[in-house]
Amino acid sequence: MKQHSRLMALFAAGIATAGSGAYAATVPQGTELAQKQELVRNNGSEPASLDPHKVESDVEFNIISDVFEGLVAVKRDGSVEPRLAEKWENQNNTVWTFHLRKGITWSDGEPITAEDIVWSWQRLVDPKTVSPYASYPGNMNIENAAEIANGKKPPSALGVKALDDNTVQVTLTQPTAAFLSMLAHPSLVPIDKTAVQRFGDKWARPEHFVGSGAYKVIDWVVNEKVVGERNKRYWDDAHTVINKVTWLPISSETADVNRYKAGEIDITNTIPINQFAQLKKTLPDEVSVSPLLATYYYEFNTTRPPFNDARVRRALNMALDKDIIADKVLAQGQRPAWVLSQPEIGGAKIAPPDYASWPREKRIAEAKKLLEAAGFTAQHPLQFNLLYNTMESHHRIAIAASSMWQKNLGVTVKLQNQEWKTMLDTKHTGNFDVVRYSWNADYDDASTFLNNFRTGDSQNTSRFSNKAYDDALASAAKAADAAERGKYYQQAETILGQEVPAIPLYHYVRTHLVKPWVGGFYSNNLGYFYTKDMYILKH
């Protein structure tokens, strides 16, 4: 999942967080709750859509995860728990049968059926939908999914069947180790066929909205707020406490904190780099810092000269001092990144390229040689545009990176910024040189990052293509265990270290300010925190 801009949160008065590990509010016995159960959380930007098949970032998935429900969810301990599906079984890890809970309904009271799952997933992979996640079911190895996404077979050929109203059968072409955790992704939530067919692109607007989650969208004022109201028809409503949630689209990190201090926001989207140390001193019990499986990177348009030359891309990677970016520019616990996935993920350890351990001077000298070999000298310097979405932290990092490139290589960089939705459009149309980007893991496995650079993947906006790389990922998908998968992931990362379709800058942590009266707050390693987990303490 695209990352738009997460140690447990500390709460005043020593209030415990939800204790079950499941995604539902569990209020400790004896806790006094506020009479008014309403939450305001900043979401960072205006969502592009609330159609799960039309979006690709946490800006949208944060809300979608509150208003829709999937078949399963991943618990805090990494295990998978039933949600819309009550139970499941499989044959040879290739034929999976899911049994829906009895009596589950949409927010309008109509039943949720197995056919809704089938129709929704067919819509996701249908090329006509143009979903950024069209490749995802193929990456899960669902039968015919890749062929459908590539326009070679009809959506009806997808290996997902409704055996009856309450039973869904999913057929895989091969065992997929991460299949169940991948199944928890927000792009795979069912959506209401009737609403989509009746209202078209406007079906997810408040006046037409039909969902399956703990909340339903009742108001949406563009660039101001999205409001959710408790869905009394939600199958697990008995474990929901908060009655109303408001998501704000504040992209300014400074404004986010100012409104938090003014009491207008309960949970911020992040903490500004330049205020973090001070806030740790003044509001220590309200600062939350959580581990996050996410990488911040600069992606090249590998089809546009001179970035169709791997020497240029590798030189720019080698000339950045990522320790300074992580430790000085950010200074919140982020780690410098030399791999695009993670150093440790899903039971595998991924080593960085050799040059990551070179002395800084040696890396810069080699980078200069690579640029000269590609035709760029002091007399003919490299110049390019660096695009990022509007946010203070992205601006600070871009200034630092461009200064390093200028000082170390004589490269001139023009900084460009666009609003979030505009930048996404620019990126997908290929109208860029280098663009700021980042990726939140969709599940705990390196493939969630590496698939983005597979030939033909719907998220491969760098247009990178390398057969050996594709073969390594194909072998990893067939591997019997994490150790064997890790071997192939290492092969893939080694190729990325040489070809550099994107420059990894740092691995994230997630930071928030959380009011002491918010109970049950917990941000998982994928960066999600769910309103239905939380409750408001008496204050």
Side-chain angles (χ1 to χ4, degrees), residues 295-329 336-340 351-388 394-416 427 430-437 452-453 455 460-469 490-506:
T295 304
Y296 188 109
Y297 54 89
Y298 286 151
E299 180 180 299
F300 293 103
N301 184 342
T302 64
T303 63
R304 177 179 288 186
F307 301 119
N308 56 349
D309 188 332
R311 294 173 298 184
V312 176
R313 305 192 300 257
R314 192 158 72 249
L316 291 172
N317 187 24
M318 295 172 77
L320 286 182
D321 193 328
K322 300 174 186 183
D323 292 307
I324 289 178
I325 291 173
D327 299 338
K328 304 296 184 184
V329 178
W338 291 97
V339 296
L340 279 161
D354 291 343
Y355 57 76
S357 61
W358 292 358
R360 178 173 166 272
E361 295 75 14
K362 181 180 178 180
R363 273 205 309 270
I364 293 171
E366 181 63 24
K368 288 178 178 177
K369 290 179 184 177
L370 288 168
L371 273 190
E372 289 174 5
F376 295 100
T377 63
Q379 292 72 36
H380 179 57
L382 173 62
Q383 302 180 33
F384 65 89
N385 296 325
L386 173 60
L387 175 64
Y388 60 92
H394 301 329
H395 181 64
R396 289 168 64 98
I397 294 165
I399 288 174
S402 60
S403 298
M404 291 173 187
W405 283 325
Q406 173 65 48
K407 177 183 177 182
N408 297 336
L409 299 178
V411 171
T412 300
V413 182
K414 181 181 178 182
L415 303 185
Q416 298 178 320
K427 186 173 184 299
N431 189 25
F432 68 94
D433 292 333
V434 185
V435 61
R436 182 218 78 90
Y437 210 46
N452 294 339
F453 300 95
T455 303
N460 186 358
T461 47
S462 71
R463 309 293 193 271
F464 176 68
S465 182
N466 181 290
K467 186 178 185 303
Y469 181 82
Q490 183 66 67
Q491 291 178 10
E493 282 280 11
T494 299
I495 292 169
L496 293 182
Q498 293 302 306
E499 296 292 322
V500 196
I503 297 175
L505 272 74
Y506 65 87

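Just so we're clear, the structure is a prediction, and the values are computed from it rather than from any experiment.
Counting only distance, with no hydrogens or angles, the side chain of Thr295 and the backbone of Leu340 share a donor-acceptor pair below 3.5 Å. Of the possible donor and acceptor atoms, none in the side chain of Asn385 sits under 3.5 Å from a partner among the backbone N and O of Asp433. No donor-acceptor distance shorter than 3.5 angstrom exists from the side chain of Glu493 to the backbone of Pro352, with no hydrogens or angles considered. Side-chain atoms of Arg314 do not come within 3.5 Å of backbone N or O of Val500 as any donor-acceptor pair.
Here the side chains of Val413 and Gln406 are not in contact, with every heavy-atom distance at 4.5 Å or above. When side chains are defined from C-beta on, Tyr506 does not count as touching Lys322, because their heavy atoms never get closer than 4.5 Å. Under the 4.5 Å side-chain criterion, counting only non-hydrogen atoms from C-beta, Val329 is not in contact with Ile399. When side chains are defined from C-beta on, Arg304 counts as touching Asn431, because their heavy atoms get closer than 4.5 Å. Put simply, the side chain of Leu371 reaches to within 4.5 Å of the side chain of Val312, judged on heavy atoms. Contact of the Tyr297 side chain with the Ile503 side chain is not registered, since no non-hydrogen atoms from C-beta on lie closer than 4.5 Å. The shortest distance between side-chain heavy atoms of Thr302 and Glu499 does not fall below 4.5 Å. The shortest distance between side-chain heavy atoms of Trp338 and Asn317 falls below 4.5 Å.
Classification of the Tyr298-Trp405 ring pair by plane angle, with boundaries at 30° and 60°, yields tilted. Between His380 and Phe376, the two ring planes are parallel [angle under 30°; tilted spans 30° to 60°]. Ring geometry for Phe307 versus Phe384: interplanar angle over 60°, hence perpendicular rather than tilted (30 to 60°).
Atoms CG and CG, on Leu316 and Leu386 in that order, are 10.5 Å from each other to the nearest 0.5 Å. In this structure, Lys407 NZ and Ile364 CD1 are separated by 8.0 Å, a value rounded to the nearest 0.5 Å. Note that CZ of Arg360 and CG of Asp323 are 10.5 Å apart. Values are rounded to the nearest 0.5 Å. Between the OH atom of Tyr296 and the CD1 atom of Ile397 there is a distance of 4.0 Å, given to the nearest 0.5 Å. Rounded to the nearest 0.5 Å, atoms CG (Asn308) and OG1 (Thr303) are 8.0 Å apart. Considering CZ of Arg363 and CG of Leu320, their distance stands at 9.0 Å, rounded to 0.5 Å.
Taking each heavy atom of Lys427 and Glu299 in turn, the nearest pair found is NZ-OE2, 3.3 Å. Nearest heavy atoms, Thr455 versus Ser465: OG1-OG, 2.8 Å.
Here Arg311 pairs with Asp309 under the salt bridge (Lys or Arg N to Asp or Glu O under 4.0 Å) rule; sequence neighbours left out. Remark: Pro359 pairs with Glu361, Lys362 by the side chain to side chain contact (heavy atoms under 4.5 Å, CB included) rule, at least two apart or across chains.
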